[in-house]
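Every chain is numbered from 1, with letters handed out A, B, ... down the list of sequences.
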There are 2 protein chains.
Amino acid sequence: MTTQTDLLEFFKALAEPKRLKIAGILAQSPHAVEELASLLQLSEPTVSHHLNILARAGLVRARAEGHYSIYELRTDRLEYMAERLLAKDTLPALANDVDMHAYDRAVLHNFSRPDGRLKSLPAQRKKLEVVLRHAASLFKPNKRYSEKELNTTLSRLHDDTASLRRGLIEFKLMQRANGQYWRTD
Amino acid sequence: MTTQTDLLEFFKALAEPKRLKIAGILAQSPHAVEELASLLQLSEPTVSHHLNILARAGLVRARAEGHYSIYELRTDRLEYMAERLLAKDTLPALANDVDMHAYDRAVLHNFSRPDGRLKSLPAQRKKLEVVLRHAASLFKPNKRYSEKELNTTLSRLHDDTASLRRGLIEFKLMQRANGQYWRTD
DNA sequence: TAATTGATTAGATGGTTGTCTAATTGTAGT
DNA sequence: ACTACAATTAGACAACCATCTAATCAATTA
């Protein structure tokens with residue numbers, strides 16, 4: 001959440017040639033807006049705009065001196081961000097608000113009729129597994145089912161209960177012993 | 001040169017919400033284009049486009065598997081770039097191709113008439129110093145000048161040779177002893 | 001106090017780019 | 001061989017953003 005906007009602001013700030021160059025110049029020594037405009041061959045408002053974006057990202061800071069605004073690079077902030085990139089849990093956290101089951105739902109939706117029955121069994125393993133996980137979810141954990149019960153439930157999904165049953169075993173979603181089946185959770 | 005485009009490509013690649021999220025997802029585990037499209041609620045061509053940009057920046061790599069393209073994050077590259085940011089000479093190098101005298105020239109141009117004489121002496125210290133450095137450059141290093149010679153040369157710039165002379169001393173651009181003047185280089 | 005100067009804000013414009021649909025390529029399964 | 005499917009490429013459109021000019025603000029100098 002905060003991590004995302006944080007990093008995004010940081011990257012956006014430096015993802016522009018002129019701003020990157022400004023950072024480079026300020027890394028050598030602080031400069032006034034007017035000077036930067038000359039060095040970069042840009043108008044002052046444009047430089048002001050860039051500096052504003054860099055400042056929002058925390059990368060530069062202005063101090064007033066006379067009626068100049070002297071901008072300097074905040075190397076501490078830069079180092080902090082670089083270290084966050086090196087931290088092993090920063091990037092994975094960016095996917096926190098992603099619904100990791102969206103793909104499963106999409107696949108399921110693609111292979112299902114409006115009434116919830118399957119149009120067919122997917123040929124691709126990746127998608128077959130999704131469908132089978134769905135099938136497995138029709139059964140309660142820690143409960144034993146006879147093959148007859150199993151087939152009855154599976155037939156709500158698709159006529160080819162044999163393939164479904166075989167898949168459930170093959171993908172280790174269910175286990176069998178003595179003619180009884182149960183979910184492996 | 002190469003450093004600039006390198007870094008720029010890196011920042012640009014990650015300066016987009018969806019691409020940043022893709023990096024986050026791939027940081028958890030490799031995924032196919034189709035899956036990413038579902039997870040991000042985007043079309044496959046769009047995801048392909050983003051992955052292409054990330055790949056150009058060296059941040060992801062694809063391996064073919066069936067007719068899927070499984071993309072994975074190149075953490076080595078990420079670490080390498082983060083360390084470059086932490087290196088003390090990376091940023092200053094970004095300003096290598098900047099003409100550091102552009103400001104001086106602009107100031108000089110602003111205060112000069114077409115014939116090269118000064119319209120006036122700048123009030124701002126920062127600009128006065130630029131003009132004075134220019135004045136100092138009219139003299140040879142390692143050579144002594146009498147005050148008469150000094151004034152003659154300075155008068156080519158401006159009538160107020162006294163102010164110029166005082167400024168040169170004050171800003172330590174020239175030194176005086178025994179009625180003689182010389183550049184301090 | 002008036003005038004000058006540096007910086008910022010407001011508003012307009014052109015270029016970049018994220019996104020989609022349609023078409024193409026290449027691979028797998030019938 | 002033919003069909004189906006995942007990925008990419010091509011092309012079009014819309015949103016965003018870098019840039020400029022004009023206007024405003026702030027602070028120093030005359």
Quiz item: For the pair made of NE2 in B/His67 and C1' in D/dA6, what is the distance, rounded to whole Å?
Solution: 6 Å
Quiz item: When the distance from CG of A/Leu40 to P of D/dA18 is rounded to whole Å, what number comes out?
Solution: 14 Å
Practice problem: Take A/Leu91 and B/Leu20 through the test side-chain contact (heavy atoms from CB on, under 4.5 Å) and record every step on the way to the result. | Solution: CA-CA 8 Å; A/Leu91 249 64; B/Leu20 197 52; 5.8 Å; no
Quiz item: What integer distance in Å separates B/Arg125:CZ from C/dT4:P?
Solution: 23 Å
Quiz item: Relative to the 5' end of DNA chain C, which residue comes earlier, A/Gln124 or B/Phe111, by the nucleotide with the nearest heavy atom?
Solution: B/Phe111
Practice problem: For B/Ile53, report the nucleic acid contact type (base, sugar-phosphate, nothing); a contact means any heavy atom under 4.0 Å. | Solution: sugar-phosphate
Self-check item: Over 12 non-hydrogen atoms of neighbours within 6.0 angstrom of CZ in B/Arg117
Solution: yes
Exercise. Can you figure out which of C/dT27, D/dC20, D/dT9 approaches the side chain of A/Leu42 most closely?
Key: D/dC20
Quiz item: Should B/Ser69 be listed as having a side-chain N or O under 4.0 Å from OP1 or OP2 of D/dT8?
Solution: yes
Quiz item: Between atom CG in A/Leu8 and atom P in D/dC16, what is the gap in whole Å?
Solution: 14 Å
Quiz item: What nucleotide among D/dA6, C/dA10, C/dA7 has an atom nearest to a side-chain atom of A/Pro45?
Solution: C/dA10
Practice problem: Flag the pair A/Arg125 and A/Glu170 as a salt bridge only when some basic side-chain nitrogen lies within less than 4.0 angstrom of an acidic carboxylate oxygen. | Solution: yes
Exercise. Would you indicate, yes or no, if C/dT19 has its OP1 or OP2 atom less than 4.0 angstrom from a side-chain nitrogen or oxygen of B/Ser43?
Key: no
Quiz item: Which nucleotide sits closest to the side chain of A/Thr46: D/dT19, C/dT8, D/dA6?
Solution: D/dT19
Self-check item: B/Glu35 or A/Arg19, whichever maps to the more 5' nucleotide of DNA chain D
Solution: B/Glu35
Quiz prompt | B/His50 vs C/dT17: side-chain N/O to OP1/OP2 distance below 4.0 Å | solution = no
Practice problem: Mark yes or no for whether B/Arg183, through its side chain, and B/Phe139, through its backbone, hold a donor-acceptor pair below 3.5 Å. | Solution: yes
Quiz item: Starting at CD of A/Glu44 and ending at P of D/dA26, how long is that distance when rounded to a whole Å?
Solution: 17 Å
Practice problem: Output yes when B/Lys126 and A/Glu34 qualify as a salt bridge under the 4.0 Å nitrogen-oxygen rule, no when they do not. | Solution: no
Quiz item: Is atom NZ of A/Lys119 surrounded by more than 12 heavy atoms (other residues, nucleotides or ligands) closer than 6.0 Å?
Solution: yes
Quiz prompt | A/Leu54 CG to D/dA18 C1', straight-line distance once rounded to whole Å | solution = 13 Å
Quiz prompt | Phosphate OP1/OP2 of D/dT19 contacted by A/Lys18 side-chain N/O (<4.0 Å) | solution = yes
Quiz item: Does the side chain of A/Lys12 get closer than 4.0 angstrom to OP1 or OP2 of D/dC16 through an N or O atom?
Solution: no
Exercise. By nearest nucleotide on DNA chain C, pick out whichever of B/Val47 and A/Leu51 is the more 5' one.
Key: A/Leu51
Quiz item: Which is true for A/Ala32 with a 4.0 Å heavy-atom rule: it touches a base, it touches only sugar-phosphate, or it touches nothing?
Solution: sugar-phosphate
Quiz item: Has A/Tyr71 got a side-chain N or O lying under 4.0 Å from the OP1 or OP2 atom of C/dT8?
Solution: yes
Quiz item: Closer to the 5' end of DNA chain D via nearest nucleotide, is it A/Glu65 or A/Glu16?
Solution: A/Glu16
Quiz item: Starting at NE2 of A/His49 and ending at P of C/dT9, how long is that distance when rounded to a whole Å?
Solution: 11 Å
